[in-house]
Each structure stands twice: as structure tokens, then as C-alpha cells.
Amino acid sequence: MKDQGSERMPDEAPRDEAVPGGPLAGGDWEASDEAQFRAVEATLEAEGLRREVDGLRHALESHPVIDMARGVVMAAGRCTPDEAWRVLVEVSQHTNIKLRDIAQSLVDGVEGPSPAPPVREALNASLRRLNATRDGSGGSPQH
């Protein structure tokens with residue numbers, strides 16, 4: 001006598017047999033879930049690393065411009081590199097413009113059009129505060 005479970009149409013899936021990856025295969029679903037989780041985790045980590053690399057590339061590209069802008073501020077305000085950096089940061093914060101964009105406008109303004117009025121005003125105000133701090137503490141501007 002033939003087993004009823006073994007008679008089936010050719011395109012019919014087995015009824016009681018363990019299908020690889022199926023629920024009767026003994027835990028393959030859990031292994032599959034773990035593999036999917038690891039794949040998603042690796043994808044997210046790779047995306048995070050891509051963003052970090054892009055940010056570092058951008059920083060390397062903007063670093064020389066920021067250094068040149070520090071030189072412009074040092075010459076205009078007769079200040080140290082650290083003071084020039086603080087001035088640039090303050091101007092960026094007060095104008096809500098990215099520091100690299102502030103730096104680019106200052107560098108461009110050496111031989112081209114002056115920076116926009118809000119940047120000029122914030123720069124002048126920051127340099128005045130720097131000089132007032134020096135005058136109040138007995139320090140004098142460097143030449």
C-alpha cells in the first residue's frame with residue numbers, strides 16, 4: 001500500500017516534510033532572522049562609515065580655507081591664531097552661517113567683493129569685543 005503523503009501532483013509542495021528554512025526544519029527561521037539582522041546591522045554601519053568619510057573629506061577640503069581666513073582675521077585684528085579662531089567661531093554662531101562659509105567669504109573678500117553685511121558686522125563686533133577684553137585685562141594687541 002502506498003503512503004498517502006507521498007502521492008502528490010508534481011508542482012505541489014510537500015505537506016509533512018521539512019522544507020529547508022521552513023518551520024519543520026528545526027530552528028532555521030531563527031538562523032535566517034539572525035543572518036538578516038546581521039546584514040541590516042552591517043549595512044547601517046557601512047552607511048555610517050560612508051557619512052563619516054564624506055565628512056572627513058569635506059573637512060580636509062575646507063581646512064586650508066579656514067586657515068587662510070584665520071590669517072585674514074589675524075592681520076585685520078592683530079590677534080593670535082587662537083583668538084582668530086575664536087573670532088571666526090563667534091561670527092559663525094552670531095550669523096548662523098557655517099564656519100567654512102564664513103571663512104570662504106573672508107578669503108574671497110581679500111581680492112573680490114566684501115563679505116555680506118551681516119558677516120562684516122559680526123566680524124567687526126567680535127573684533128571689538130576681543131580688543132575690549134584685552135584692554136580690560138591690561139593686554140595689548142600683538143603686531
Side-chain angles (χ1 to χ4, degrees), residues 4-143:
Q4 288 181 352
S6 63
E7 289 183 29
R8 62 176 183 257
M9 298 299 289
D11 57 345
E12 207 176 281
R15 286 181 236 151
D16 296 333
E17 298 170 19
V19 177
L24 299 177
D28 284 342
W29 286 110
E30 290 176 17
S32 176
D33 290 345
E34 179 69 22
Q36 288 177 356
F37 175 77
R38 289 181 190 274
V40 168
E41 193 174 49
T43 300
L44 291 173
E45 184 177 352
E47 181 59 32
L49 291 172
R50 255 187 246 108
R51 281 193 299 265
E52 184 178 354
V53 166
D54 288 345
L56 291 171
R57 280 189 183 131
H58 193 68
L60 284 173
E61 292 168 2
S62 63
H63 190 54
V65 173
I66 293 171
D67 283 345
M68 286 188 275
R70 283 172 78 175
V72 169
V73 172
M74 288 167 59
R78 297 182 182 173
C79 58
T80 67
D82 287 341
E83 290 169 332
W85 173 254
R86 287 193 299 273
V87 166
L88 288 172
V89 168
E90 189 174 301
V91 169
S92 174
Q93 290 173 343
H94 284 250
T95 60
N96 201 26
I97 299 172
K98 291 182 179 182
L99 193 136
R100 65 179 171 266
D101 295 337
I102 296 287
Q104 188 66 61
S105 71
L106 290 176
V107 170
D108 291 347
V110 170
E111 293 185 358
S114 297
V119 174
R120 284 195 318 263
E121 292 164 10
L123 179 62
N124 288 332
S126 183
L127 289 172
R128 279 193 303 273
R129 279 189 291 277
L130 175 64
N131 286 327
T133 301
R134 284 186 188 149
D135 293 343
S137 66
S140 62
Q142 295 182 358
H143 300 310

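All values derive from a computational prediction rather than experimental measurement.
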Pairs where residues 96-108 contributes a residue and the test side chain to side chain donor-acceptor pair (under 3.5 Å) is met, not counting sequence neighbours: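 Qualifying pairs, neighbours excluded: H58-R100, Q104-D108.
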Run the side-chain donor-acceptor check on residues 49-57: report pairs under 3.5 Å with partners two or more places apart or on a different chain.
from, atom 1, to, atom 2, distance (Å)
R50, NH1, E47, OE1, 2.6

Taking only distance into account, with no hydrogens and no angle test, what donor-acceptor pairs under 3.5 Å do side-chain atoms of residues 114-128 form with protein atoms, sequence neighbours excluded?
from, atom 1, to, atom 2, distance (Å)
R120, NH1, P115, O, 2.7
N124, ND2, R120, O, 3.3
S126, OG, E90, OE2, 3.1

Please output the side-chain donor-acceptor pairs of residues 65-73 that fall under 3.5 Å, not counting sequence neighbours, one pair per line with the distance.
from, atom 1, to, atom 2, distance (Å)
D67, OD2, H63, NE2, 3.4
R70, NE, P81, O, 3.4
R70, NH2, P81, O, 3.0

Distance check, rounded to the nearest 0.5 Å: R134 atom CZ versus R78 atom CZ? 10.0 Å
Q36: which residues meet the side chain to side chain contact (heavy atoms under 4.5 Å, CB included) condition with it, sequence neighbours left out? S32, D33
Is the backbone N or O of L88 less than 3.5 Å from a side-chain atom of S92, with the two atoms forming a donor-acceptor pair by type?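 No, because the side chain of S92 does not come within donor-acceptor range (under 3.5 Å) of the backbone of L88.
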